[in-house]
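Note that the structure is a prediction, hence the values are computed from the model and not measured.
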Amino acid sequence: MSEWTRTTLDQLVKLRRGHDLPTTSRNPGNVPVVGAAGPSGFHDTAIVKAPGVVVGRAGASMGHATYCGEDFWPLNTSLYVTDFLGNDPRFVYHLLGEIDFSGYNSGAAQPMLNRNYITKIPISLPDPDEQRSIAAVLGALDEKIAVNERIAATADELALTLASSERWEKRIRLGEIAALSKVQQVPQEMSDDLVDHYSLPAFDAGKTPERCSPLSIKSGKFVVDSPAVLLSKLNPEIPRVWDVVPDNSVPSLASTEFLVLVPGLELSTHDLWSVVAQRKFLEVLASKVTGTSKSHQRVRPAEVLETEVVDPREFREVGVQIRDLAQSILVARRESKTLATLRDTLLPQLMCGRIRVKDAEKIVEDHV
């Protein structure tokens, strides 16, 4: 293993504040617009060449690192790298993501990073060859996770096509084929060390639950003790429908922003998911929301159960195909969760030189 040099952040990269680009000023295009938390839309013009690295400088995402593999536009809520100073971009991305920037907050009303205040943050830096080797090990895991997500997304799309209203005539009230489960649990009162928490942020981050201590969950949640479909009642025009098969090794809890739908005896959750996740169904729900502000628009459970869906009991052989696709989605996402855990375990060890690249390569080879 090469020698690592103790140095400071200004010897790793040069940073610059991003540039304002309101959504009203964006033109149709495929150039990623990257903010503090990552991609936040598209534009027709790039102002930074790839590869690039962006670090959140404002708000709750202060210090969040994003790697950009294509030309992009960095927003003014971020800092972006203007010069890698000969260092490997992917290594830089991982290293910046490991730095705890919380002690360098220069904001008052909200968290804020000032690039002039962070230049002397101490870091350990290997030579470029070692950087590339470390980036390659972590990249192998990232690529496998990305492949799994493409598999899951493709299977998602195909299953929804098979169950679409254009293919099936019969409609039925959702309440005739599904029931609501309303059993709740106060996480703070649980004796378990870990639970799987099905939340809206976890859905948005990759459709895998967050495994965490129940003590970290501050309010009552729905109990999910059997396969179910979770349907967000908050802003239903945003498609958040989750086909859930709980891992029986730990208890599972769901946010009360979800409705927990349990299919009838003759159906699987996969059948139920395929009709509830249809865009037309969600559009009807969106027309029934109550609430005066965008952040508080919800649909009533009774309205959901009264809304019509395609009758999945008609599927027969198509239902077998949908269930097979759903199983492939579950397998892909569970594997991605395992790989992400492995990556997150290896990352800090590699980034400080505590584990050798060759040892990490052997571990990764057993999983990809």
Is there a side-chain contact between [X] and [Y] (heavy atoms, below 4.5 Å)?
{"X": "Val260", "Y": "Leu230", "result": "yes"}
{"X": "Met351", "Y": "Gln349", "result": "no"}
{"X": "Arg57", "Y": "Met112", "result": "yes"}
{"X": "Thr7", "Y": "Ile123", "result": "yes"}
{"X": "Val13", "Y": "Asn87", "result": "no"}
{"X": "Val241", "Y": "Leu282", "result": "yes"}
{"X": "Phe281", "Y": "Thr307", "result": "yes"}
{"X": "Glu306", "Y": "Arg300", "result": "no"}

Could you list the residues that satisfy side-chain contact (heavy atoms from CB on, under 4.5 Å) with [X], not counting sequence neighbours?
{"X": "Glu361", "answer": "Val137, Val357, Lys358"}
{"X": "Ser124", "answer": "Trp4, Arg6"}
{"X": "Ser249", "answer": "Arg211, Asp247"}

More than 12 heavy atoms from other groups under 6.0 Å of [atom1] on [X]:
{"X": "Lys182", "atom1": "NZ", "result": "no"}
{"X": "Glu266", "atom1": "CD", "result": "yes"}
{"X": "Arg173", "atom1": "CZ", "result": "yes"}
{"X": "Asn30", "atom1": "CG", "result": "no"}

Test of understanding: clusters of I, L, V, M, F, W, Y form through side-chain heavy atoms closer than 4.5 Å, transitively. Do [X] and [Y] belong to the same one?
{"X": "Leu138", "Y": "Phe84", "result": "yes"}
{"X": "Val304", "Y": "Ile172", "result": "yes"}
{"X": "Val34", "Y": "Tyr67", "result": "no"}
{"X": "Tyr104", "Y": "Val54", "result": "no"}
{"X": "Val299", "Y": "Trp273", "result": "yes"}

Kindly give the heavy-atom pair with the smallest separation between [X] and [Y], and that separation in Å.
{"X": "Val284", "Y": "Ser287", "value": "O-OG, 2.5 Å"}
{"X": "Gly38", "Y": "His64", "value": "N-CD2, 4.2 Å"}
{"X": "Leu346", "Y": "Ile355", "value": "CD2-CD1, 4.0 Å"}
{"X": "Pro263", "Y": "Pro227", "value": "CD-O, 4.3 Å"}
{"X": "Ala163", "Y": "Val310", "value": "O-CG2, 4.0 Å"}
{"X": "Thr256", "Y": "Gly220", "value": "CG2-O, 3.6 Å"}

To the nearest 0.5 Å, what is the distance between [atom1] ([X]) and [atom2] ([Y])?
{"X": "Ser181", "Y": "Phe258", "atom1": "OG", "atom2": "CZ", "result": "14.5 Å"}
{"X": "Arg354", "Y": "Cys352", "atom1": "CZ", "atom2": "SG", "result": "3.5 Å"}
{"X": "Leu285", "Y": "Asn235", "atom1": "CG", "atom2": "CG", "result": "12.0 Å"}
{"X": "Asp311", "Y": "Leu267", "atom1": "CG", "atom2": "CG", "result": "8.0 Å"}
{"X": "Ile329", "Y": "Glu149", "atom1": "CD1", "atom2": "CD", "result": "9.5 Å"}
{"X": "Tyr80", "Y": "Trp73", "atom1": "OH", "atom2": "CH2", "result": "10.0 Å"}

Exercise. Can you name the one residue among Asn148, Thr208, Thr341 that meets side-chain hydrogen bond (donor to acceptor under 3.5 Å, both in side chains) with Ser336?
Worked result: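 Result: among Asn148, Thr208, Thr341, Asn148 is the only option passing the side-chain hydrogen bond (donor to acceptor under 3.5 Å, both in side chains) with Ser336.
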
Do the side chain of [X] and the main chain of [Y] share a donor and acceptor less than 3.5 angstrom apart?
{"X": "Arg333", "Y": "Val331", "value": "no"}
{"X": "Ser133", "Y": "Asp129", "value": "yes"}
{"X": "Arg17", "Y": "Thr77", "value": "no"}
{"X": "Glu70", "Y": "Val31", "value": "no"}
{"X": "Asp71", "Y": "Ala50", "value": "yes"}
{"X": "Arg26", "Y": "His43", "value": "no"}

Exercise. Does the side chain of Asp271 come under 3.5 Å of the side chain of Ser274 through a donor N or O and an acceptor N or O?
Worked result: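 Per modelled atom types, Asp271 and Ser274 side chains form no pair under 3.5 Å.
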
Exercise. So, are Glu303 and Lys233 salt-bridged, with charged N and O less than 4.0 Å apart?
Worked result: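 No.
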
Problem set entry | Salt-bridge criterion met for Arg150 and Glu143 (N-O under 4.0 Å) |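 Looking at Glu143 together with Arg150, the answer is yes, because their closest N to O distance falls below 4.0 Å.
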
Problem set entry | Set of residues satisfying side chain to side chain donor-acceptor pair (under 3.5 Å) with respect to Lys337, sequence neighbours excluded | none

Problem set entry | Intermediate values then yes/no, side chain to side chain contact (heavy atoms under 4.5 Å, CB included), Val309 and Ile177 | CA-CA 10 Å; Val309 295; Ile177 56 170; 4.0 Å; yes

Exercise. Please walk me through it: do Met190 and Leu253 pass side chain to side chain contact (heavy atoms under 4.5 Å, CB included)?
Worked result: CA-CA 11 Å; Met190 298 176 68; Leu253 303 175; 3.8 Å; yes

Problem set entry | salt bridge (charged side-chain N to carboxylate O under 4.0 Å, His left out) pairs, two or more places apart, involving residues 72-91 | none

Exercise. Under the side chain to side chain donor-acceptor pair (under 3.5 Å) rule, what pairs show up with a residue in residues 185-195, not counting sequence neighbours?
Worked result: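 Those involving residues 185-195 do not exist here.
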
Problem set entry | Verdict with reasoning, Leu174 to Val276, per side chain to side chain contact (heavy atoms under 4.5 Å, CB included) | CA-CA 8 Å; Leu174 178 59; Val276 172; 3.9 Å; yes

For this session: May I have the step-by-step check of side chain to side chain contact (heavy atoms under 4.5 Å, CB included) for Thr161 and Glu166, ending in yes or no?
Result: CA-CA 9 Å; Thr161 299; Glu166 286 77 14; over 6 Å; no

